[in-house]
Number of protein chains: 2
Amino acid sequence: MTPKRRGQAPRQSDVARLAGVSQSAVSRVISGDVDTARIPEETRRRVLAAIKELGYVPNPSARNLRNKRNMLIGVHTFEAVFPHARDNFYFDFLLGIEERAEETGFDLVLFTSTGAGDGRRRVYRDGTNRLNLADGSVLLGVSTDRAELARLWADGYPFVHIGRREVPGAEIPCVIPDYRSATNGIVDKLAGHGHRHFAYLREPKEMEPYADRRHGYREAVERLGLTDRSPGFRGESELTDDWIDEIVRGEETAVVSESVRLAEQLFQGLAARGVRVPEDVSVAVLEADWGGTSAQWDSLEIPRLAIGRIAVDRLIEMLDDPDQPATSLLVPCPIVPGTTIAAARQRRP
Amino acid sequence: MTPKRRGQAPRQSDVARLAGVSQSAVSRVISGDVDTARIPEETRRRVLAAIKELGYVPNPSARNLRNKRNMLIGVHTFEAVFPHARDNFYFDFLLGIEERAEETGFDLVLFTSTGAGDGRRRVYRDGTNRLNLADGSVLLGVSTDRAELARLWADGYPFVHIGRREVPGAEIPCVIPDYRSATNGIVDKLAGHGHRHFAYLREPKEMEPYADRRHGYREAVERLGLTDRSPGFRGESELTDDWIDEIVRGEETAVVSESVRLAEQLFQGLAARGVRVPEDVSVAVLEADWGGTSAQWDSLEIPRLAIGRIAVDRLIEMLDDPDQPATSLLVPCPIVPGTTIAAARQRRP
DNA sequence: TTGAAAGCGGTACCAG
DNA sequence: CTGGTACCGCTTTCAA
């Protein structure tokens with residue numbers, strides 16, 4: 001037994017022949033512009049049957065050349081997806097994107113070919129934008145090259161970025177975890193437990209998500225009239241032994257940490273000095289706590305799955321109405337109760 | 001600042017006009033097949049200059065259309081990918097596929113549209129039809145509808161299946177973990193430790209991968225002149241208490257199990273009867289041991305990542321040469337040393 | 001209503 | 001060597 005011609009996908013003309021109509025009729029049935037080209041139900045049925053029998057699928061490149069929709073949504077990560085998916089980094093985003101894409105009838109193209117060969121991936125290679133194959137794309141990850149984002153935007157390519165990215169001269173449409181509000185909420189919670197003297201632990205990173213946390217934190221401190229004399233609050237990153245000593249000596253009863261990593265480090269340092277969490281010092285973390293650490297941190301949740309879904313919806317909106325302004329979207333981050341916040345205690349009775 | 005309108009990119013004809021040559025000359029300069037179309041250095045320079053001046057970049061869709069390739073490789077998993085990836089089932093396969101796709105300049109299309117769906121648009125999306133979107137596809141997963149595979153093959157669609165799948169009347173090109181050889185190797189190893197009387201634990205599954213193990217096992221038993229009177233060897237699945245008793249009473253010193261699950265069950269049963277592994281009975285497992293079980297089984301490794309990569313390479317070969325026979329590929333499974341094989345001991349001194 | 005035909009941007013074959 | 005030209009698969013007028 002021999003297969004048919006190898007690798008020859010059926011074309012519209014094949015469908016047309018089988019259905020006994022012209023090629024353009026097939027095209028009109030598919031494009032489904034009911035108002036523009038009304039097609040008798042009978043013809044329509046025959047075409048659909050032929051399409052199904054042949055397993056016809058429109059050629060994305062040809063369509064693209066003609067500037068119509070492919071029903072393809074691109075996903076561009078700035079690093080390889082799967083190695084990281086395992087670490088849960090891209091995972092839930094992708095899950096949400098996949099779910100929503102399926103629900104809305106889009107297929108997903110994972111753009112992998114744009115690699116520069118060094119593990120980093122770029123959108124433009126040899127000056128061409130591979131993303132063009134898809135109707136629009138969702139971008140995520142650590143974009144090293146802001147200029148690419150700017151160019152993508154300037155080219156008018158429809159895309160949304162997961163996570164806030166600021167590029168001068170461009171308005172990148174983003175779907176953004178609302179770290180600022182969540183941080184306000186977390187400080188509110190601590191203040192509600194009677195805390196007035198705070199310390200802030202800062203990661204040595206300057207990306208937007210951290211800026212948002214810092215912004216929110218400063219807001220809350222000012223709004224509530226709190227005290228914070230920590231280096232982190234002043235803009236110094238990391239956590240020194242000296243400062244841990246200082247916390248132990250000082251009036252601080254609450255610490256807000258940008259990361260589980262720093263919170264852990266603090267926890268160890270305090271434990272070594274006989275200071276307990278949360279009995280003596282309350283601690284909250286401004287990122288999702290994946291568990292498996294020494295404490296169950298009061299923290300925030302990044303609704304990754306929802307964000308993935310929302311990104312797809314946002315992209316489809318942009319596809320439906322290309323002239324729409326490219327606005328960003330904030331997605332609330334729920335505050336997750338842990339076991340590291342307790343009532344403020346008089347530190348030096 | 002406003003994004004520019006799409007579709008204003010310079011074309012080859014613009015370049016040609018500026019350089020004062022024909023469009024096809026431009027094409028030849030770009031394609032750069034120096035042997036096929038030698039172009040005078042002077043012309044070449046002018047074209048290159050014009051390209052640079054206009055900022056011309058080739059349109060990938062047009063290229064793909066002409067070359068009858070979309071540089072897209074499909075991945076069909078018969079189930080949603082990401083929920084399962086988490087369980088490590090598809091994961092390393094996908095990782096390998098992604099890696100290799102990136103290296104070879106292909107993008108990935110994830111086909112997940114197995115969904116129900118009775119809407120009109122659904123017609124174009126039912127099942128495997130969508131695969132035609134990609135130049136070719138890698139298929140993996142368990143609940144394979146054999147009829148679909150047959151049709152896909154009959155249609156001449158280029159694809160490879162990860163794992164052996166036999167379909168009457170079709171020659172499915174597969175990338176196959178070589179369970180048969182690995183099983184031979186494992187029995188060799190046991191025999192090398194002096195074992196002569198074997199038992200076989202059989203899973204209640206009839207898919208090709210199990211057939212391969214059974215085939216390999218039978219080969220080894222016959223080749224080495226071993227003894228096996230176990231129900232599993234005769235074709236009965238599962239493990240009964242009676243048979244554990246029988247092993248304890250009998251001459252068997254080596255057990256080969258199709259799964260960690262059955263090996264575990266045996267281990268418990270033997271322990272309850274005061275029989276130790278591997279001191280009294282050696283055990284080997286014919287699947288990958290993910291760890292976390294009561295013993296570190298002597299087992300085999302399924303080189304998932306390598307298989308994913310090989311599948312992509314195999315597919316590209318088929319794309320490059322469509323008339324090539326659709327042969328399958330065996331990938332060796334390394335034997336992983338554990339702590340459950342020891343020298344055969346005189347059972348009843 | 002429907003089919004013929006003109007491209008979209010490139011590639012590649014084929015006479016000059 | 002080179003330019004002319006026939007497609008690639010699809011959308012979209014434009015007549016019939």
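Remember, predicted model here, so these are calculated numbers, not experimental data. Within every chain, numbering begins at 1; the chains are lettered A, B, ... in the order of the sequence lines, protein sequences first and strands thereafter.
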Looking for any heavy atom pair under 4.0 Å, which part of the strands does [X] touch: base, sugar-phosphate only, or nothing?
X: S13(B); result: nothing
X: T43(A); result: sugar-phosphate
X: R66(B); result: base

Handout entry: Closest-nucleotide ordering on DNA chain D, the 5'-leading residue of A62(B) and A25(B)
Key =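 So the residue in question is A25(B).
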Problem - Toward the 5' end of DNA chain D, by each residue's nearest nucleotide, N67(B) or Q23(B) - result: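 First, find each residue's nearest nucleotide; the 5'-ward one identifies Q23(B).
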Counting side-chain heavy atoms from C-beta on, which of [options] comes nearest to [X]?
X: R63(A); options: dG3(C), dC8(C), dC10(D); value: dC10(D)
X: L65(B); options: dC8(D), dC10(D), dG10(C); value: dC8(D)
X: S24(B); options: dG4(D), dC10(D), dG10(C); value: dG4(D)

Practice task
Give a yes/no on whether any side-chain N or O of R11(A) is located under 4.0 angstrom from OP1 or OP2 of dG9(D).
Solution key: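 R11(A) to dG9(D) OP1/OP2: side-chain N or O found under 4.0 Å.
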Problem - Short side-chain N/O contact to dT2(C) OP1/OP2 from S22(A), under 4.0 Å - result: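 No, no such contact exists.
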Rounded to whole angstrom units, what separation is found between the [atom1] atom of [X] and the [atom2] atom of [N]?
X: R69(B); N: dT11(C); atom1: CZ; atom2: P; result: 15 Å
X: R44(B); N: dT2(D); atom1: CZ; atom2: C1'; result: 15 Å
X: D14(B); N: dC8(C); atom1: CG; atom2: P; result: 11 Å
X: L54(A); N: dG9(D); atom1: CG; atom2: P; result: 14 Å
X: I30(B); N: dG10(C); atom1: CD1; atom2: P; result: 7 Å
X: R28(A); N: dA5(C); atom1: CZ; atom2: C1'; result: 12 Å
X: I51(A); N: dG9(D); atom1: CD1; atom2: C1'; result: 14 Å
X: L133(B); N: dC10(D); atom1: CG; atom2: P; result: 11 Å

Problem - Residue pair S328(A) / R314(A), side-chain donor-acceptor N/O under 3.5 Å - result: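 No, R314(A) and S328(A) have no side-chain donor paired with an acceptor closer than 3.5 Å.
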Exercise for the section: Apply the side-chain hydrogen bond (donor to acceptor under 3.5 Å, both in side chains) test between S61(A) and each candidate in N67(B), N59(B), N70(B); give the one that qualifies. Expected result: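 Of the listed residues N67(B), N59(B), N70(B), the side-chain hydrogen bond (donor to acceptor under 3.5 Å, both in side chains) partner of S61(A) is N70(B).
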Handout entry: Charged N-O contact under 4.0 Å between D155(A) and R151(A)
Key =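 So D155(A) pairs with R151(A) through a salt bridge.
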Problem - Residues E42(A) and R45(A) bridged, charged N to O under 4.0 Å - result: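 Yes.
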Exercise for the section: Hey, can you tell me if Y157(B) and F159(B) have their rings parallel, tilted or perpendicular (30° and 60° cut-offs)? Expected result: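 The rings of Y157(B) and F159(B) lie parallel, inter-plane angle below 30°.
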